[in-house]
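Have a look at the structure below, then the notes.
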Amino acid sequence: MCGIVGYVGARPALGIVLDGLRRLEYRGYDSAGVAIVCDDELRTEKRAGKLANLEKALGDERFGSTRAVDQAAASPPAIGIGDGTAGIGHTRWATHGGPTDRNAHPHLSRDGRVAIIHNGIIENFAKLVAELEADGVEFVSDTDTECVAHLLAAALADLRDAGEPDGPQLLAAAMRRVCQRLEGAFTLLAVDAGIPGAVVGARRNSPLVVGRGPGEHYLASDVSAFIEHTRDAVELGQDQVVLITADSIEITDFSGAPALGRDFHIDWDASAAEKSGYDYFMLKEIAEQPQAVADTLLGRLTESGEIMLDEVRLTDQDLRDVDKVFIVACGTAYHSGMVAKYAIEHWTRIPCEVELASEFRYRDPVLDRSTLVVAISQSGETMDTLMALRHAKEQKARVLAICNTNGSTIPRESDAVLYTHGGPEIAVASTKAFLTQLVACYLIGLHLAQVRGIKYADEVAAVVSQLQEMPDKLRRVLDAMEPVRELARDLSTANQVLFIGRHVGYPVALEGALKLKELAYMHAEGFAAGELKHGPIALIDLGTPVVCVVPSPAGRGMLHDKVVSNIQEVRARGARTVVIAEEGDLAVAPYADDLIYVPRTPTLLAPLLTTVPLQVLACEIAAARGHDVDQPRNLAKSVTVE
Ligand code: M6R
């Protein structure tokens, strides 16, 4: 949700923190703020709205001191906010308290000496606030975070009173003391004006990574914040406190016992997190899909035709024992799981259910050691998915994660991981993550089928080779998108758009509708094509656009013919039909007002192609309606609250 960044080193912190926030802004953009330690003072600035508002408020100061230093003056002026070499910054997705200047982070202690930023929710904040108010603290914001600033200042004062030596260790000790009182999910970063050259961080159920540089260190919600400075990172474990200075990283648990993080190297560079000439990150990420799919397939097949998972703490026997698969995920990842259900059941004959992660644990699903739960998440931090995963583990089920983010919580807590090598996805609307999740799901389905002896190595290799043709087919789809862009301009004034599909075309229809809702703020719904006549067909009015995802006629002919009938049904009621079909499918042409062909491909793999025109359609309609494509209203990229 919120993005947080901290820096300590020899360089001015403000520019580095602002650059980091720019890369993290996709996580939330309701407000932004910074606190920089300057000599013995804290300098802070925060503003509601996007980062640009904060930068405007900082004016030229963000480029460093513009004042001439008069060497002869008795007391040289204090250094400005642009000169301090330790600081923290925050970009917010509001949970407690509206998106105002007042509620923006950092939050300060009463004396203005301690600044804190926070991602997550402090669930026991009401009790803590009441306690602090009884001690005379007056709150200046409506957030759950502010209480942490006051608690931290009080802990520092207590430790100082108890004779503890001042310095970075004191800041870490105070943070540990505060964390022991907090319930809920939090990543916290703090600085103290009296302890220059140190930033302390803490995490529980919310992400925090450390960046290692020569004579400087970083803390951030994710590595994109510091990728232009270093690709060496440390992933923190649950309930850990980390203290960074220019020369050291010290990690402990909340009780103060030394702890270890996990070192890792980031295998992409800063250019992957830039727009590279595209108007929007989303367009760039759509264009990257052939490569993302190719990279996710790369090196997955051993010489004997086995699929290789990245981290496996499951034996082949564990996989042979599986008698039921549950897929848990949210949003777009859930749609990839819906496609996976068709493939996994078809290839393995194991029953497979797909569940919205946010509902999973509340309905008490029947799980045991022979249940395989597949958790799909681009970010690896989605709280609903994480909680579903934990519930599954409590019931002794095995958990396999499909994730795009190395160092994130979901893969760390899973028994096995298959990483999607999609590179950073910055646009809030998921695109390449969806396609790479599909690839990962196919690989897992094939792996299960092979381990259980339902498919031979050569049969697996045949599907993998069809998958390997996908990058080229995707390039062809992308090269033919001009008519879709034109269509988007035409549809941008529609009141609603409906999407229909059958079999794997149904999740594609849902995904097309989700994209349009989140980007264009239009009424859009996806339906199983056969369900339309049970109610939703009443929505169709003269000219209502209905996007129809048609299965291959070369697959199951009956499936294809049924969808063609459904197209005729909506057309007969006045719909404008936008048909996505396979090249050579002439049967649909008479019923299509707009016809978009994609290359021929096996039925189960078709979503890898048919989704792409729907992504482009949503992106272009949103742009035509004047919306911010990369940062749609009310949303954030990584949803770390339930
Ligand atoms: O990071 P995750 O894959 O767990 O995120 C899940 C959803 O929040 C995400 O797919 C969301 O639906 C996208 N914004 C849709 O484009």
Side-chain angles (χ1 to χ4, degrees), residues 1 3 26-29 93 205-207 221-222 224 280-283 285-286 289 292 296 327-340 354-360 373-389 399 401-414 417-420 422-438 440-441 499 507-508 510-521 524 526 611-612 614-619 622 627-642:
M1 304 270 36
Y26 70 90
R27 298 178 66 90
Y29 31 85
W93 187 82
N205 292 333
S206 185
S221 309
D222 75 52
S224 60
Y280 312 109
F281 277 110
M282 184 179 178
L283 284 176
E285 287 159 10
I286 289 173
Q289 292 184 113
T296 302
I327 299 176
V328 291
C330 303
T332 289
Y334 171 73
H335 297 153
S336 73
M338 287 180 75
V339 174
V354 194
E355 297 261 349
L356 286 169
S358 54
E359 286 295 315
F360 187 64
V373 172
V374 179
I376 309 177
S377 173
Q378 187 285 131
S379 61
E381 299 294 347
T382 299
M383 187 55 76
D384 290 315
T385 310
L386 182 60
M387 287 307 180
L389 176 164
V399 180
I402 293 176
C403 185
N404 195 40
T405 312
N406 202 317
S408 59
T409 311
I410 287 172
R412 196 175 46 241
E413 296 197 14
S414 298
V417 186
L418 186 69
Y419 281 108
T420 52
E425 193 181 65
I426 308 291
V428 165
S430 207
T431 53
K432 60 179 176 172
F434 180 69
L435 262 57
T436 54
Q437 284 161 356
L438 291 179
C441 289
F499 295 75
V508 172
L510 292 176
E511 176 61 8
L514 175 62
K515 285 286 153 294
L516 200 56
K517 280 185 260 207
E518 75 176 325
L519 296 175
Y521 321 151
T611 309
V612 176
L614 307 191
Q615 296 168 340
V616 174
L617 191 71
C619 180
H627 298 319
D628 184 337
V629 169
D630 287 332
Q631 296 181 341
R633 69 184 180 197
N634 304 336
L635 291 172
K637 181 71 180 162
S638 181
V639 185
T640 53
V641 292
E642 268 189 286

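Computed from a prediction, not measured in an experiment: that's the story for all the values here. When reading the values below, keep in mind they use all heavy atoms of this one structure, side chains included, and skip hydrogens, waters and symmetry mates. Atoms within each ligand, like the ligands themselves, are counted from 1 in listed order.
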Looking only at protein heavy atoms, which one is nearest to atom 1 (O) of ligand 1, and how far off is it? Ser379 OG, 2.7 Å
Ser377, any N or O under 3.5 Å of ligand 1 N or O: yes
Scanning both residues in full, the closest heavy-atom pair of Pro632 with Glu518 reads CB-O, 3.0 Å
What protein heavy atom is closest to atom 8 (O) of ligand 1, reported as residue, atom name and distance in Å? Val639 CG2, 4.2 Å
Within the structure, does Lys637 bring an N/O atom to less than 3.5 angstrom of an N/O atom in ligand 1? no
What are the atoms of ligand 1, with element, lying closer than 4.0 Å to any heavy atom of Lys515? 15 (C), 16 (O)
For the CD1 atom of Ile286 and the CZ atom of Phe281, what is their distance to the nearest 0.5 Å? 14.0 Å
Give the numbers and elements of all ligand 1 atoms closer than 4.0 Å to a heavy atom of Ala333. 3 (O), 10 (O)
How close does the nearest protein non-hydrogen atom get to atom 13 (C) of ligand 1, and which residue and atom is it? Val428 O, 3.8 Å
With distance as the sole criterion, is a donor-acceptor pair present between the side chains of Thr431 and Gln289 under 3.5 Å? no
Using 0.5 Å steps for rounding, measure from the NZ atom of Lys515 to the CG atom of Leu510. 11.5 Å
Can an N or O of Ala429 be found at a distance shorter than 3.5 Å from an N or O of ligand 1? no
Starting from atom 7 (C) of ligand 1, find the nearest protein heavy-atom neighbour and note its residue, name and distance. Cys330 O, 3.6 Å
Please name the residue in the list Ile402, Thr420, Thr405 that meets the side chain to side chain contact (heavy atoms under 4.5 Å, CB included) test with Gln378. Thr405
Using a strict 4.0 Å cut-off to heavy atoms of Gly331, name the atoms of ligand 1 that fall inside it. 12 (O)
Looking at atom 16 (O) of ligand 1, what's its closest protein heavy atom, distance included? Glu518 OE2, 2.3 Å
Out of Thr332, Leu635, Thr431, the nearest non-hydrogen contact to atom 10 (O) of ligand 1 is supplied by Thr332
Testing the basics here: between Gly422 and Thr296, what is the closest heavy-atom pair and its distance to 0.1 Å? N-OG1, 4.3 Å
Within this structure, what is the CD-OG distance for the pair Gln437 and Ser377, rounded to the nearest 0.5 Å? 7.5 Å
Return the residue, atom name and 0.1 Å-rounded distance of the protein heavy atom closest to atom 5 (O) of ligand 1. Thr382 OG1, 3.5 Å
With a cut-off of 4.0 Å, which atoms of ligand 1 are near a heavy atom of Gln378? 1 (O), 2 (P), 3 (O), 4 (O)
Looking only at heavy atoms, which two atoms of Thr385 and Ile376 are closest? And how far apart? CG2-O, 4.0 Å
Measuring from atom CD of Glu285 to atom CE of Met282, what distance do you get when rounded to the nearest 0.5 angstrom? 8.5 Å
